[in-house]
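It should be emphasised that the depicted structure is a prediction, and the values quoted were computed from it without experimental measurement. For the numbers below, each heavy atom of this structure counts, side chains included, while hydrogens, waters and symmetry mates do not. Both counts, for ligands and for their atoms, begin at 1 and track the order of listing. By convention here, the first residue in the shown sequence is residue 1.
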Amino acid sequence: MTDEVEIPEDHPRYQSLLTRHRIEEGVEKGITSKQGLIAEGRGESFDYLLGEETLPSADAAERAAAAQLLLAEHAVLSVNGNVAALVPGETVALAEATGADIEVNLFGRTEERMRAIADHLREHGATNVKGLAADARIPGLEHERGKVDEDGIYDADVVLVPLEDGDRAEALGEMGKTEIVIDLNPLSRSPRTAAIPIIDNIIRAVPNVTEHARDLADASRDELEAIVADFDREAVLDDAERAIRDV
Ligand code: PTJ
């Protein structure tokens, strides 16, 4: 157990320290992998360069993501050890706002971590957590990493894959899924292969996609399709890269 850390809310890097603390707790609870700590450090450095705020271009991506999730026949939100530690309740809220399923899908899959994450999500209000059946495979990925549920990610037409490694993002893309990727690094392979890349911290991105989904709840299919059609993925990637270069 770590000592309980009291982070004063007026600390200039409050959000970043809180995020770090949640990841640390995730590791202690057996939810987050040690590699997840490294991923967090990488993400933090990009967030710092992006000004630790949602760029207007990322907000546009978050609105397009909401529209795409609402249009989906079967949307699935993929949850790994970092996502579970950082935004468990927020992920449940997004699933409720869009009618999406939640599936635990791990890079470093072990049955213990799968169970710990599913329990953690249930504690945060999830009623149906997929990923434990593991009765289907993502083609092209070796055994453990490729395990998915047949009635979950395997069947989905739209998948939200936050903080994903490039191989799996590519393999899911090759299965014909429409991918929404959340990743702070605009140069990373996963957002570069996504139909909708969201270059933002997951802590800000998931609640904002939910807010857009609630706002679009009564929109017609035509309106939702227009939002997706007008979305410019290249502009989002270029804008984030420019923001980092112009720091
Ligand atoms: O829980 P598991 O076993 O599925 O493992 C998950 C990790 C994240 C360890 C695994 O997928 C991995 O190794 O990922 P990578 O290749 O390190 O990529 C993680 C990406 O997420 C990097 O590009 C980071 O910049 C980005 N990232 C890290 N923290 C955040 C983030 N993006 C958005 N919000 C964050 N808070």
Given Asn185, Leu163, Ile203, Val181, which has its nearest heavy atom closest to atom 21 (O) of ligand 1? Leu163
Does any N or O of ligand 1 fall below 3.5 Å from an N or O anywhere on Phe107, backbone included? yes
Do ligand 1 and Gly36 have nitrogen or oxygen atoms that lie under 3.5 Å from each other? no
Under 4.0 Å to a heavy atom of Leu106 - the qualifying atoms of ligand 1, by number: 1 (O), 4 (O)
Check the surroundings of atom CD in Glu52: do more than 12 heavy atoms from other residues, nucleotides or ligands lie under 6.0 Å from it? yes
Number the atoms of ligand 1 from 1 as they appear, then name those within less than 4.0 Å of a heavy atom of Gly81, with their elements. 1 (O)
Would you say ligand 1 has an N or O under 3.5 Å from any N or O of Phe46? no
Quick one: salt bridge (Lys or Arg N to Asp or Glu O under 4.0 Å) partners of Glu53, sequence neighbours excluded? none
For atom 15 (P) of ligand 1, which candidate among Lys34, Arg109, Arg42, Arg145 provides the closest heavy atom? Arg42
Among protein heavy atoms, which sits nearest to atom 12 (C) of ligand 1, and what does the distance come to when rounded to 0.1 Å? Asp165 CB, 4.5 Å
What heavy-atom pair brings Ile31 and Ala85 nearest, and what distance separates the two atoms? CG2-N, 4.3 Å
More than 12 heavy atoms of other residues, nucleotides or ligands under 6.0 Å from CG of Asp246: yes or no? yes
Within a strict 4.5 Å, meaning less than it, do heavy atoms of the Pro191 and Asn185 side chains meet? no
Would you mind running through ligand 1 and noting each atom that sits below 4.0 Å from a heavy atom of Asp200? 33 (C), 34 (N)
Any protein heavy atom under 4.0 Å from atom 24 (C) of ligand 1? yes
Does any N/O atom on Leu86 come nearer than 3.5 Å to any N/O atom on ligand 1? no
Between Gln35, Arg113, Met114, flag the one that comes closest to atom 2 (P) of ligand 1 by a heavy atom. Arg113
Starting from atom 18 (O) of ligand 1, locate the nearest protein heavy atom and write down its residue, its atom name and how far away it is, to 0.1 Å. Glu164 O, 4.1 Å
Side-chain H-bond candidate by donor/acceptor type, Asp157 with His74, under 3.5 Å: no
Any chance you could measure Thr193, atom OG1, to Glu164, atom CD, to the nearest 0.5 Å? 9.5 Å
Under 4.0 Å between heavy atoms, the region of Ile38 that gets near ligand 1 turns out to be neither
For Arg145, is there any backbone N or O sitting under 3.5 Å from a side-chain donor or acceptor partner on Arg168? yes
Before signing off on this row, confirm whether Asn201 and ligand 1 have an N or O atom pair separated by under 3.5 Å. yes
Is there a polar contact between ligand 1 and Ile202, counting only N or O atoms under 3.5 Å apart? yes
Option whose closest heavy atom lies nearest to atom 19 (C) of ligand 1, chosen from Ser16, Ala39, Ser188: Ala39
Glu142, CD atom: more than 12 neighbouring heavy atoms under 6.0 Å: yes
In terms of its nearest heavy atom to atom 6 (C) of ligand 1, the top option of Ile199, Asn80, Val161 is Asn80
Is a side-chain donor or acceptor of Asn105 paired with a backbone partner of Val79 at a separation under 3.5 angstrom? no
Side chains of Asp59 and Asn208, donor plus acceptor under 3.5 Å: yes
Would you name the heavy atoms of Val236 and Ser57 that are closest together and state the gap between them? CG2-O, 3.6 Å
If every non-hydrogen atom of Ala171 is compared with every non-hydrogen atom of Leu141, which pair is closest and at what distance? CB-CG, 3.9 Å
Can you list the atoms of ligand 1 that are under 4.0 Å from a heavy atom of Gly108? 3 (O)
Considering non-hydrogen atoms of the protein only, which is the closest contact for atom 32 (N) of ligand 1, and what is the distance? Leu184 N, 3.1 Å
Could you say whether the N/O atoms of Asp183 and ligand 1 ever approach to under 3.5 Å? yes
